[in-house]
Asker: 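I'd like to ask some things about the structure below.
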Amino acid sequence: MPDGKIPLQAEVYLDGEKVEARVFLHVKGYKRARVTHIDVEGDKIKGLLRPRHSVYPLVEWKGNEVTFPINEHKIRMIIPEITLNFNGNLYVGGKGKGIFLGFHRNEIRQLEEIAKQKGVEPIGRGSKA
């Protein structure tokens, strides 16, 4: 039985410097996830936003690369397994080990398709599991 947190190969940059971070596709219904989202966890990422605090920055996601500001910092991630194309606002929340990215419905569908290809079905109301 999968735990619903799919590790992703990713490069994470904070203010232009590559940092150690773990990136996961966290699928709805697993480990308290109410919606499918992306977790970014690491010592340099932890503390950018306090747990239970959030921002809604303008995000530029082109192919497998995304950039966005958090307060006075800039995050850039390259995630080869996730290809999205949009410019707009994205929910970024703080959590104990780092941050998470919350998406709009259309992008959630795309992320859940990637999860299904990796053998993880979303669980919960509105899912087809």
Asker: side-chain contact (heavy atoms from CB on, under 4.5 Å), that's the test. Do Leu101 and Met77 meet it? Break it down for me.
Answerer: CA-CA 12 Å; Leu101 308 179; Met77 295 192 303; 3.6 Å; yes

Asker: Considering the options Ile79, Val120, Leu111, Asp39, which one meets the side chain to side chain contact (heavy atoms under 4.5 Å, CB included) requirement together with Leu25?
Answerer: Leu111

Asker: I'd like to know if Val35 and Phe86 are part of one continuous hydrophobic network [Ile/Leu/Val/Met/Phe/Trp/Tyr, side-chain heavy atoms within less than 4.5 Å].
Answerer: no

Asker: Decide whether Tyr91 and Phe24 are clustered together by the hydrophobic rule: side chain heavy atoms of Ile, Leu, Val, Met, Phe, Trp, Tyr closer than 4.5 Å, transitively.
Answerer: no

Asker: Can you name the nearest heavy-atom pair linking Ala21 to Val12, along with the distance?
Answerer: CB-CG2, 3.8 Å

Asker: Determine, using the 4.5 Å side-chain heavy-atom cutoff (strictly less than), whether Ile70 and Tyr13 are members of one ILVMFWY cluster.
Answerer: no

Asker: Should the heavy atoms of other residues, nucleotides or ligands under 6.0 Å from CG of Asp43 be counted, would the total exceed 12?
Answerer: no

Asker: Carefully, step by step, assess Thr67 and Lys74 under the rule side-chain contact (heavy atoms from CB on, under 4.5 Å).
Answerer: CA-CA 7 Å; Thr67 57; Lys74 184 176 181 181; 4.2 Å; yes

Asker: Mind checking side chain to side chain donor-acceptor pair (under 3.5 Å) for Arg76 and listing every partner two or more places apart, or none if nothing turns up?
Answerer: Glu65

Asker: Quick check for you: to the nearest 0.5 Å, what is the distance between Gln9 atom CD and Ile82 atom CD1?
Answerer: 12.0 Å

Asker: Is the shortest heavy-atom distance from the side chain of Lys31 to the side chain of Lys5 under 4.5 Å?
Answerer: yes

Asker: I need the Lys97 NZ to Lys46 NZ distance, nearest 0.5 Å.
Answerer: 9.5 Å

Asker: Distance from Tyr56 atom OH to Asn89 atom CG, nearest 0.5 Å?
Answerer: 5.5 Å

Asker: I'd like to know if Leu84 and Leu58 are part of one continuous hydrophobic network [Ile/Leu/Val/Met/Phe/Trp/Tyr, side-chain heavy atoms within less than 4.5 Å].
Answerer: no

Asker: Check the pair Arg109, Glu113 against side-chain contact (heavy atoms from CB on, under 4.5 Å), reporting the backbone distance first and the verdict last.
Answerer: CA-CA 6 Å; Arg109 278 191 213 106; Glu113 280 303 315; 5.9 Å; no

Asker: When you look at Asn87 and Trp61, which way does the side-chain contact (heavy atoms from CB on, under 4.5 Å) test go after all the steps?
Answerer: CA-CA 6 Å; Asn87 289 320; Trp61 198 308; over 6 Å; no

Asker: Treating Asn64 as the side-chain partner and Thr83 as the backbone partner, does any N or O pair qualify as donor plus acceptor under 3.5 Å?
Answerer: no

Asker: Could you pull out the closest heavy-atom pair between Val40 and Ile45, with the gap in Å?
Answerer: O-CG2, 3.8 Å

Asker: Leu8 and Ile78: same hydrophobic cluster, using ILVMFWY side-chain contacts below 4.5 Å?
Answerer: no

Asker: What heavy-atom pair brings Ser54 and Leu49 nearest, and what distance separates the two atoms?
Answerer: CA-CD1, 4.3 Å

Asker: Any donor-acceptor pair under 3.5 Å linking the side-chain atoms of Thr36 with those of Glu112?
Answerer: yes

Asker: Is the count of non-hydrogen atoms from other residues, nucleotides or ligands lying under 6.0 Å from Lys95 atom NZ greater than 12?
Answerer: yes

Asker: Would you confirm whether His73, through its side chain, and Asn71, through its main-chain N or O, come within 3.5 Å as a donor-acceptor pair?
Answerer: no

Asker: Do you know which two heavy atoms are closest between Asn85 and Gly63, and how far apart they sit?
Answerer: OD1-N, 2.8 Å

Asker: How close do Asp3 and Tyr30 get, heavy atom to heavy atom, and via which atoms?
Answerer: O-CB, 3.1 Å

Asker: Rounded at 0.5 Å granularity, tell me how far NZ in Lys28 sits from NE2 in His37.
Answerer: 13.0 Å

Asker: On a heavy-atom basis, which atom in Leu90 and which in Gly102 lie closest, and how many Å separate them?
Answerer: CD1-O, 3.0 Å

Asker: With rounding to the nearest 0.5 angstrom, report the CZ to NE2 distance, Phe100 to His26.
Answerer: 10.5 Å

